[in-house]
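A short worksheet on the structure shown next.
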Amino acid sequence: MEQQLYEEAMGLLEAGRAEEADQLVASRLEAAEQAYGREDVRWAKQAFEVAQFLVARKSAAEARALLEAACLAAWESDADRVHLLTIQLNLGEICLYMGDLSAAEEHLEATVQGRAAHFGEEHPAYAFGLEAHADLLLAQREVGPAKDKVEVAERILRAENHPRLSGVLVL
C-alpha cells in the first residue's frame, strides 16, 4: 500500500508539528471522501493510511472505526482485495489490542481465509495472517491451536528465509 500520507504526517509529527500532522490527515481524508465517497477503494486506501497514523498517535478507537468503514468499500479487483486483506489484518490486531476478542477473531479469520484463497497456504502472506491469529488464540488461552498456527507460519517463513521469522519464533 502507498504510504505517502502516512510518511508525510509522521514527518510532521517527528518534527514536533503534531497539530499540522493532525490537520493534514483530516483534510486529506475529507478530500478523498468528497472526491470518491466512502464506498470507493481510493477513499478506503486513504483511510488506511490515516488509521496507521492514528495508531501511532495512540487513537486506536478512531483507527478502528476508519478501518471498519474501509472494509465496506467495493474491493473488486484482485489487487484491491490484497489491500483489503491488509486492512482486515490491521483491524483484527487493533481489536485485539483493545480487548475486543470476538471482533478480532472475525477480522483475523477473514484475513487468514482470504490470504489462503488469494496467495495459497505456502505463501508468506498467509503466514502473516496465521501469526496474528495465533496471537489472538493466545489471548483466548487457546495454547494448542495457537502453537499449531505458529508452527505452520514458522515453516513457511523459514522456507523463504523471511525476515518476519524472528517475530513468529518469539510468539
Side-chain angles (χ1 to χ4, degrees), residues 1-7 9-10 25 29 38 40-140 142 145-160 162-171:
M1 262 189 206
E2 282 188 33
Q3 297 290 305
Q4 181 181 357
L5 174 59
Y6 173 77
E7 290 173 4
M10 289 303 293
V25 296
L29 187 61
R38 285 182 165 230
D40 192 284
V41 297
R42 291 170 290 188
W43 174 84
K45 290 175 184 178
Q46 193 82 302
F48 175 76
E49 285 195 67
V50 172
Q52 287 183 301
F53 175 75
L54 291 170
V55 167
R57 296 279 282 148
K58 308 289 190 238
S59 298
E62 290 178 68
R64 177 183 177 175
L66 268 180
L67 293 179
E68 286 171 341
C71 284
L72 301 175
W75 299 97
E76 296 173 6
S77 74
D78 280 347
D80 285 343
R81 280 192 288 277
V82 171
H83 291 297
L84 174 60
L85 295 172
T86 300
I87 289 171
Q88 288 172 324
L89 180 76
N90 282 265
L91 178 54
E93 289 175 333
I94 289 171
C95 291
L96 176 59
Y97 170 79
M98 295 178 71
D100 188 346
L101 301 185
S102 64
E105 185 169 15
E106 175 187 338
H107 300 299
L108 292 174
E109 284 184 3
T111 195
V112 167
Q113 291 172 6
R115 287 163 185 268
H118 186 81
F119 296 106
E121 293 184 5
E122 296 300 320
H123 193 279
Y126 177 66
F128 305 159
L130 292 176
E131 177 185 5
H133 197 249
D135 199 21
L136 167 68
L137 290 168
L138 287 174
Q140 295 172 322
E142 298 288 337
K147 183 177 183 272
D148 294 342
K149 291 192 182 304
V150 166
E151 287 173 351
V152 172
E154 177 188 356
R155 179 184 49 76
I156 294 166
L157 296 176
R158 190 175 298 281
E160 296 289 325
H162 198 281
R164 282 189 59 169
L165 175 61
S166 59
V168 170
L169 293 174
V170 169
L171 182 64

(request) Any chance you could lay out the side-chain contact (heavy atoms from CB on, under 4.5 Å) test for L138 and L171, step after step, and finish with the verdict? (result) CA-CA 9 Å; L138 287 174; L171 182 64; 3.6 Å; yes

(message) So which atom in E49 and which in Y6 form the shortest heavy-atom distance, rounded to 0.1 Å?
(response) OE1-N, 2.7 Å

(request) Might you point out which heavy atoms bring L89 and G129 nearest each other, and give the distance in Å? (result) CD1-CA, 4.2 Å

(request) For residues G167 and E131, report the shortest heavy-atom separation together with the two atoms involved. (result) C-OE2, 3.8 Å

(message) Holding to ring-ring contact (aromatic ring centres under 6.0 Å, His included), I want the full list of residues that pass it with Y126, two or more places apart in sequence or in another chain.
(response) none

(message) If I take atom NE2 from residue H118 and atom OG1 from residue T111, how far apart are they, to the nearest 0.5 angstrom?
(response) 11.0 Å

(message) Between Y97 and V55, is there a side-chain heavy-atom distance shorter than 4.5 Å?
(response) no

(message) Within the 4.5 Å heavy-atom criterion, are H83 and D80 side-chain neighbours or not?
(response) yes

(request) Taking the side chain as every heavy atom from C-beta outward, state whether L5 and Q46 have any atom pair closer than 4.5 Å. (result) yes

(request) Return the minimal non-hydrogen interatomic distance between E122 and I156, and the atom names on each side. (result) O-CG2, 3.5 Å

(message) Any non-hydrogen side-chain atom of D100 less than 4.5 Å from a side-chain atom of H107?
(response) no

(message) Between R81 and D78, is there a side-chain heavy-atom distance shorter than 4.5 Å?
(response) yes

(request) Might you work through the side-chain contact (heavy atoms from CB on, under 4.5 Å) test for L165 and E154, ending with a clear yes or no? (result) CA-CA 6 Å; L165 175 61; E154 177 188 356; 3.8 Å; yes

(message) Between L137 and K149, does the side-chain contact (heavy atoms from CB on, under 4.5 Å) criterion hold? Intermediate values first, please.
(response) CA-CA 9 Å; L137 290 168; K149 291 192 182 304; 3.7 Å; yes

(message) Distance check, rounded to the nearest 0.5 Å: N90 atom CG versus L85 atom CG?
(response) 11.5 Å

(request) Could you tell me the separation between the NE2 atom of H133 and the CG atom of D148, rounded to the nearest 0.5 Å? (result) 12.0 Å

(message) Can you give me the closest heavy-atom contact between A44 and W75, atom names plus distance?
(response) CB-CZ2, 3.3 Å

(request) Measure from NZ or CZ of R164 to the centre of the six-membered ring of F128 and say whether it is under 6.0 Å with the direction within 45° of the ring axis. (result) yes

(request) Locate the shortest heavy-atom distance separating H123 from A125; write the atom from each residue and the value. (result) ND1-N, 2.9 Å

(request) Keeping the roles fixed (side chain from E105, backbone from L136), state whether a donor-acceptor pair exists under 3.5 Å. (result) no

(message) For a side-chain contact (heavy atoms from CB on, under 4.5 Å) check, start with the C-alpha distance between L29 and L66, then their side-chain angles and the critical distance, and finish with the verdict.
(response) CA-CA 10 Å; L29 187 61; L66 268 180; 3.6 Å; yes

(request) Before accepting this row, confirm whether a basic side-chain N of the pair R155/E151 lies closer than 4.0 Å to the acidic partner's carboxylate O. (result) no

(message) With rounding to the nearest 0.5 angstrom, report the CG to CG distance, L96 to L108.
(response) 7.0 Å

